[in-house]
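We use all heavy atoms of the structure for the numbers below, so side chains are in, but hydrogens, waters and symmetry mates are not. Predicted, not measured: the structure shown is a model, and the values here were computed from it.
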Amino acid sequence: MAKKDYDALAKFILDHVGGSENVVSLRHCVTRLRFKLKDEGRADTEALKNHEWIIDVIQKGGQYQVVIGNDVEDAFDAVMKLGKFAGASEDAKVADDEGKSLFDRLVDMISSILTPVIPLLAGCGIIKGLLAFCTALKWIDPTSGFAQILSAAGDSLFYFFPVFLGYTSAEKFGMNKLLGMAIGATLVHPTIVNLKAAEPLFTLFEGSPIATNVTTTFLGIPVLMVSYTSSVMPIIAATFFGARVEKFFKKIVPDVVKMFVVPAATLAITVVLTLLLVGPVVTWASQLIAAGITAVQKFSPVLTGVLVGGLWQVLVVFGLHHAFTPIALNSLMVQGYENLTCYMAAVPFTTMAVVLAVYLRTKDKKLKSVALPAAISSFFGVSEPSIYGVTLPLKRPFAFTLVSSAVGGAILGMFGCMRYTQGGLGFFNIPAFINPTAPELDMTFYGVFIAIGVAMAMGFLLTFFFGVPAHATARNVADATSDVGADGQIKQEVFVAPVAGEVVALEDVDDEVFASGSVGKGVAVKPSEGTVVAPADGEVTMLFKTGHAVGITTASGAELLIHIGIDTVQLNGRGFTPQVKAGDVVKKGQPLVTFDRALLTSEGYDDTVIFVVSNAGNFQDVVRSQEAAARTDRELLAVLV
């Protein structure tokens, strides 16, 4: 199916509902545009139904409902703009970032830009690390064609990093992705690189961490020449700015020349302003951050190692470890090494040792079956099965992992260990600690093995003798990990009922759209109480101001939609009291919305609670329990990856 042109869709819809003059009001709910028309007889229902981007048309309760699906907001905005309707937009919108702090938004932005390149980043890092390892042991001649070709492959991403990030940044900011790549390519163009190396006219901030040479001018304006090869933040800032420049020119450039004038103007203006202002300022900020981290590490590398190593798995549990990725990458690119996240090198091996101790100590067969594959997974750097399946449920092993990892981090700090490239996970992370410029391996590399060995021994012994209670069994442990494969990837995720009551098949719901499965696969519940709870741990990614519908995204990526009642959006929030807001992280069983069942029924509304996985197509299947009664502590739905 072609990418949706919402402006064209809006025009088609307005033309076939009788024109904007036939529209009394327009609102939207989770899946559909809800028109009130002066004369429904003027609408061409069949034409609307036959449009490829319209799921269905429902005429019910004085409303003319055009069912769009999950992207209804985009269609709503386009129709509102084209029809020049006013007053209803804010009443029915979902505030995606409401409740999120500036820090959360920044981390989410940078993580979404970096995440697509991390696998390739790790792959190139492994090539560089193994090559450095073989060179240091004199197994390979660094001047040989073999070494130089592999070195080029390993360096490719790092040298041209702005080009790759130009693509992912442009995708994030809604810019032409090839234009984003062009901006990145300009920053690492040989001409720019040669200008950086030219004889300086003068130096700004000489003697400081942000000393910068001026080697040329642009229309008489000094150009501050910083290094953009292998950089991270300048291209992100450049595309952020460039996306707004592109948007401006798209509005003012005539359509007949827009195709080539917009890219030309955007590229020229963005590159010039990046080289004159944006790039130097962002680079200085990056250099100061890197210098600050180095200062803290120099003040007490042992203390830094204790904090990073000891708290790393706590950060993993809360999902905060992703915030360190851009900081580590920035240090690698600015300094050629990073000395922050390197202190967690012993964590996956310590986790493996702790889980092996549980495996050897426990007599419970079910717990053994969980522990062994989890330990193997930890060796390769994927510790989530160990954390959620073994150590965290048993508590003491988790605590021993933290303590032992802190000791490992302290040893790494004591020996001055640091990473010189972005390595792989677990075992494949070790070669990243080889200094490619050192004449031979020294204690900054061998210290990694000492730290890992001490932390593993400590974690294993503490857990074996003190960490596994006699009563420890798989009790809920197996339940917690039945959803996770040995590779750390979620294979299945189970959801409890969002409300107690009588289970109703989705196809029996008195709403054609939900009953047809167009919105998603799931089930319905005729509620016996007025509290809707979270069916699983996750993030509230959607909450209507009316309170009648809430969406949660879970660990597996499942987008859960809970819709309270049929057509209850018309109550304008009466009878609904949200207990959370968009952006909140919720736990299974946590109240989401309370609603007045008596009010709903007295007003003539069906109070059935609909529970669907709206992105069911992303999974192998969505299955439901065969229980006739729904309980908020029992499984109702599950997704199979």
(request) Might you work through the side-chain contact (heavy atoms from CB on, under 4.5 Å) test for Thr168 and Lys177, ending with a clear yes or no? (result) CA-CA 7 Å; Thr168 58; Lys177 293 185 280 291; over 6 Å; no
(request) I would like to know whether Arg42 and Glu21 meet salt bridge (Lys or Arg N to Asp or Glu O under 4.0 Å); could you show each step before the answer? (result) CA-CA 11 Å; Arg42 292 173 57 183; Glu21 67 278 5; 3.4 Å; yes
(message) Quick one, Val609 with Phe595, criterion side-chain contact (heavy atoms from CB on, under 4.5 Å). Give me CA distance, side-chain angles, the key distance, then yes/no.
(response) CA-CA 11 Å; Val609 176; Phe595 62 100; 4.2 Å; yes
(request) Would you check, one step at a time, whether the test side-chain contact (heavy atoms from CB on, under 4.5 Å) holds for Leu179 with Glu246? (result) CA-CA 10 Å; Leu179 188 52; Glu246 182 188 42; 3.8 Å; yes
(request) Evaluate the criterion side-chain contact (heavy atoms from CB on, under 4.5 Å) for residue pair Leu273 and Leu277; output intermediate values, then yes/no. (result) CA-CA 6 Å; Leu273 288 180; Leu277 180 63; 5.7 Å; no
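Atom OH of Tyr167 has 12 or fewer heavy atoms from other residues, nucleotides or ligands within 6.0 Å. More than 12 heavy atoms of other residues, nucleotides or ligands lie within 6.0 Å of CD in Glu529, so this atom counts as buried by the packing criterion.
Not one N or O on the side chain of Thr266 forms a donor-acceptor pair closer than 3.5 Å with the backbone of Pro263. Checked by atom type and distance alone, the side chain of Ser614 pairs as donor or acceptor with a backbone atom of Glu559 at under 3.5 Å. Between the side chain of Thr601 and the backbone N or O of Ala598 there is at least one donor-acceptor pair closer than 3.5 Å. Under the 3.5 Å distance criterion, the side-chain polar atoms of Asp596 are left unmatched by any main-chain donor or acceptor of Gly530. Not a single donor-acceptor pair under 3.5 Å links the side chain of Thr546 to the backbone N or O of Gly573. No donor-acceptor pair closer than 3.5 Å links the side chain of His16 to the backbone N or O of Gly18.
The two residues Ala75 and Leu9 have their closest heavy-atom pair at CB-CD2, 4.2 Å. Closest approach of Ala497 to Arg631, counting heavy atoms only: CB-O, 3.3 Å. Of all non-hydrogen atoms in Ala237 and Val282, the two that sit nearest each other are CB-CG2, 3.6 Å. Between Ala630 and Val499, the closest heavy-atom pair is CB-O, 3.7 Å. Between Val188 and Pro162 the shortest heavy-atom distance is CG1-CG, 3.7 Å. Considering every non-hydrogen atom in both Leu599 and Ser602, the closest pair reads O-OG, 2.8 Å.
Between Asp44 atom CG and Ile13 atom CD1 the span is 13.0 Å, to the nearest 0.5 Å. Atom NZ of Lys84 sits about 9.0 Å away from atom CG of Leu82, to the nearest 0.5 Å. With values rounded to the nearest 0.5 angstrom, Lys250 atom NZ is found 8.0 Å from Lys258 atom NZ. Of the inter-residue distances, the one linking Leu506 atom CG with Thr608 atom OG1 reads 11.0 Å to the nearest 0.5 angstrom. Rounded to the nearest 0.5 Å, atoms CG (Leu165) and CD (Glu171) are 12.5 Å apart. The line from OH of Tyr64 to CG of Asn22 is 10.0 Å long, rounded to the nearest 0.5 Å.
In this structure, the side chains of Asp606 and Asp511 stay at 4.5 Å or more apart for every pair of heavy atoms. Residues Ile562 and Ile610 have side chains not in contact (no heavy-atom distance under 4.5 Å, counting atoms from C-beta outward). Proximity of Asp607 to Pro527: side-chain heavy atoms (C-beta onward) are separated by under 4.5 Å at one or more points. Between Phe576 and Leu600, the closest side-chain pair of non-hydrogen atoms falls below 4.5 Å. Residues Arg34 and Leu26 are not in side-chain contact: their nearest non-hydrogen atoms beyond the backbone lie 4.5 Å or more apart. For the pair Val24 and Leu37, the minimum side-chain heavy-atom distance is 4.5 Å or more. The closest side-chain heavy-atom distance from Val504 to Val525 is not below 4.5 Å. Considering only heavy atoms from C-beta on, Phe611 comes within 4.5 Å of Phe495 through its side chain.
Here Arg574 pairs with Glu603 in a salt bridge; the nearest charged N to carboxylate O distance falls below 4.0 Å. Between Asp7 and Lys81, none of the side-chain N atoms (NZ, or NE/NH1/NH2) sits under 4.0 Å from a carboxylate O, so this pair counts as no salt bridge. A salt bridge between Asp15 and Lys11 is present, with a side-chain N of the basic residue lying under 4.0 Å from a carboxylate O of the acidic one. The pair Asp584-Lys581 meets the salt-bridge criterion, with a side-chain N (NZ, NE, NH1 or NH2) lying under 4.0 Å from an Asp/Glu carboxylate O. Salt bridge absent: Arg624 and Glu635 never bring a charged side-chain N and a carboxylate O closer than 4.0 Å.
Side-chain contact, Thr554 with Glu493: a donor N or O sits under 3.5 Å from an acceptor N or O.
Figure legend: cation-pi geometry between Arg244 and Phe240, with NZ or CZ positioned under 6.0 Å from the six-membered ring centre and within 45° of its axis.
Every residue two or more places apart in sequence or in another chain was checked for a side-chain hydrogen bond (donor to acceptor under 3.5 Å, both in side chains) with Thr531, and none qualifies.
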